[in-house]
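Encoded as structure tokens, the structure appears first; notes follow it.
Lettering of chains follows the sequences in order, A, B, ..., and the numbering in each one begins at 1.
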Amino acid sequence: MISIIDYGLGNVAAFASAYEHLGMPYEIISEPESLKKPSHIILPGVGSFEGAMKKIHNSGFQDLLTHFVLNKKTKVLGVCVGLQIMGRASEEAPNVNGLGWVDAETVKISITNYPEVTLKLPLMGWNKIVHQRDCPLLKGVAGHEFYFLHSYNLKIKSDEIISSSVNYGEYLTGSISSDNIFGTQFHPEKSHDQGLKILQNFALL
Amino acid sequence: MLRPRLTVLLMMHQNALYKSINFSNPIYIGDPLNAVRIFNDFYVDELIFVNIDATVNSLEPDYRLLEDVAFVSRMPLCYGGGIKQISQIEKIIALGFEKISISSGAINNPKLVREAADIFGSQSIVGCIDIRKDKKSENYFVYTHNGSRIVNMSPIEVVDLFIESGVGEILVNNISRDGTYKGYDIGIIEKIVDHSSVPVTAVGGARSFDDLKELSETCGLMGVAAGSLWCFKEPNKAVLLNYPNPRARIGIFSSN
């Protein structure tokens, strides 16, 4: 069963719709008390780092999720800011701590402009992911385009957990996997068939 | 590397899809959910829904319809129309939309944009600017309420206001070209793209793939949007939803 966490910030229904489409069981969890023995947790995110951390803290989900992910090794997939908050901190909100599940920090993307193309922020649109290493989450989607919408990049301390990256003047984190922790900077729930494939891969882990 | 977005803009009027000419004379296109299903099959880059009744009639967004639209959609979604409060934005994002476009609400109340960007991030807040070219003076003016109310600021001043307030994207909608099949008015779009530090999406006038190509070649990485082009087979002919397949899309943007 996929447990989609509705902590008050994120396109929760888009994930429900994706799993409905895939014909796979899911539940939307809006109260911490309802999250019982989850096998797969999705942490959606359309928001700012501070907005996301405030909501996840105030909704009472923070300690519970950390318990499941770090102690019980429950599989988790963080998407967009849902990925970024799994790190320790962010330049977007210097006084706010992240969940600290991965040794990483979110920094503003630094823009390099070329004579022929001007890059702007937010990074908005479809970009091909470049596989860095084998990852069960990315099975069957090599070289596909995914939908990105962000101004910040999760900078990972150890390259080994980066499963794909993406070129926007410099190489940015596309997706990560570390033991039971998975995350994508792009939106699989909004990336057509290749996105559904990733959500299916996650559910089958 | 990122490529230009090829965007579909659809207008909702009385719970159905319509397409206007110069923001008037809306023509019935069809059912929004059917359209979303068809655009899923075309692997569309991005869909923008604009409710043209909400601001002029002071209506709430139709959440039930938006919920259904988002549930069917496998692609990125933006909603615009009648947004005045943070609670509306929160609701629509939770339904499955990634971006919210604000026009008169952002011009009249820049604090709304600031607050929204702080909570939801700039990447999810779009500042929409409806422009019209004055035939006599050849100057561009900004309008709200479906082109019925003029704004006492130039397009560039509104762009600056939006960016200072925290939007992550500027959506330029050219009323003078809307539904006319006269091609984009590239001059003013280029001026706004060059001026704007955030991505720009432009709509109004596209009649062919060559227009899309010309706009992206002139203005670079941006959202190249159209309405009528994706709704009719030929100007003044039958309603036929269409969109180039992934290979044709690469052809359109091959020089980018």
Side-chain angles (χ1 to χ4, degrees), chain A residues 6 8-18 20-21 28 30 44-52 54-55 80-81 84 92-93 111 113-114 116-128 145 147-152 166-169 186-196, chain B residues 1-7 40-47 66-68 70-78 89-90 92-100 116-126 166-169 193-194 196-201 219-223 246 249 255-256:
Chain A
D6 176 15
L9 194 91
N11 53 350
V12 177
F15 288 89
S17 154
E20 189 83 33
H21 191 83
I28 294 173
S30 307
V46 173
S48 68
F49 190 91
E50 184 171 8
K54 258 189 196 164
K55 295 257 184 187
C80 199
V81 80
Q84 295 178 356
E92 194 181 2
I111 286 298
N113 282 321
Y114 300 95
E116 69 279 15
V117 60
T118 304
L119 299 178
K120 295 179 178 182
L121 289 181
L123 191 174
M124 183 177 287
W126 294 76
N127 211 339
K128 267 186 193 158
E145 283 186 325
Y147 181 67
F148 289 82
L149 183 61
H150 62 121
S151 304
Y152 292 82
V166 58
N167 179 7
Y168 196 61
F186 53 85
H187 287 275
E189 79 285 8
K190 288 306 176 98
S191 295
H192 294 302
D193 295 350
Q194 60 272 38
L196 287 174
Chain B
M1 195 52 167
L2 213 69
R3 57 172 173 77
R5 285 166 286 129
L6 192 54
T7 304
N40 275 339
D41 290 343
F42 292 149
Y43 300 102
V44 161
D45 284 348
E46 172 177 68
L47 264 185
L66 296 181
E67 182 175 11
D68 290 344
F71 207 80
V72 172
S73 172
R74 304 261 70 83
M75 62 213 133
L77 293 174
C78 174
I89 300 173
E90 185 174 334
I92 297 170
I93 287 177
L95 294 178
F97 284 70
E98 289 71 46
K99 295 197 277 195
I100 303 294
D118 284 345
I119 299 171
F120 307 103
S122 285
Q123 85 290 331
S124 289
I125 309 300
V126 181
V167 305
E169 181 181 1
V193 169
D194 286 348
S196 172
S197 58
V198 300
V200 173
T201 297
C219 298
L221 206 50
M222 65 176 301
R249 235 175 293 169
S255 60
N256 283 95

Nearest 0.5 Å please: distance from the CD atom of Glu98(B) over to the CE atom of Met124(A).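 Those atoms lie 11.0 Å apart.
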Sub-4.5 Å side-chain heavy-atom contact between Tyr147(A) and Met75(B):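 When only atoms from C-beta onward are counted, Met75(B) and Tyr147(A) do not touch, as no gap falls below 4.5 Å.
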Counting C-beta onward and ignoring hydrogens, is there a side-chain heavy-atom pair between Leu77(B) and Lys190(A) closer than 4.5 Å?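 Yes - at least one pair of side-chain heavy atoms lies under 4.5 Å apart.
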Is [X] close to chain B through its backbone or its side chain, or both, or neither, when contacts mean heavy atoms under 4.5 Å?
X         : value
Ala93(A)  : neither
Leu9(A)   : side chain
Lys55(A)  : side chain
Ile111(A) : neither

So which residue, Glu50(A), Lys54(A), Glu20(A), ends up with the most heavy-atom pairs under 4.5 Å with chain B?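 Highest number of pairs under 4.5 Å: Glu20(A).
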Highest number of heavy-atom pairs under 4.5 Å with chain B: which of Gly51(A), Ser151(A), Ser17(A)?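 Top count of heavy-atom pairs under 4.5 Å with chain B: Ser17(A).
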Determine whether a donor-acceptor pair (N or O, by modelled atom type, separation under 3.5 Å) exists between the side chain of His192(A) and the backbone of Asp45(B).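 Checked: no pair found.
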Between Lys120(A) (side chain only) and Val200(B) (backbone N and O only), is there a donor and an acceptor less than 3.5 Å apart?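 Not confirmed, Lys120(A) side chain does not pair with Val200(B) backbone.
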Under 4.5 Å from a heavy atom of chain A, the part of Leu95(B) involved: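 Answer is backbone: N, CA, C or O of Leu95(B) sit under 4.5 Å from chain A.
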Name the member of [options] that forms the most heavy-atom pairs with chain A at distances under 4.5 Å.
options                                   : answer
Ala94(B), Gly121(B), Gly223(B), Ser124(B) : Ala94(B)
Pro246(B), Ser122(B), Ala70(B), Ser197(B) : Ser197(B)
Gln123(B), Glu90(B), Glu169(B)            : Gln123(B)

List the residues meeting ring-ring contact (aromatic ring centres under 6.0 Å, His included) with Phe42(B), not counting sequence neighbours, and say none if there are none.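 Once residues adjacent in sequence are excluded, Phe42(B) has no partner under the ring-ring contact (aromatic ring centres under 6.0 Å, His included) criterion.
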For Phe120(B), ring-ring contact (aromatic ring centres under 6.0 Å, His included) partners two or more places apart: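 ring-ring contact (aromatic ring centres under 6.0 Å, His included) check on Phe120(B) returns nothing, list empty.
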Contact summary for [X] and [Y], nearest pair of heavy atoms:
X         : Y         : value
Gly168(B) : Pro122(A) : O-CD, 3.0 Å
Phe97(B)  : Asn11(A)  : O-CB, 4.4 Å
Gly96(B)  : Ala13(A)  : N-CB, 4.4 Å
Trp126(A) : Pro76(B)  : CZ2-CD, 3.8 Å
Leu2(B)   : Asn127(A) : N-OD1, 3.4 Å

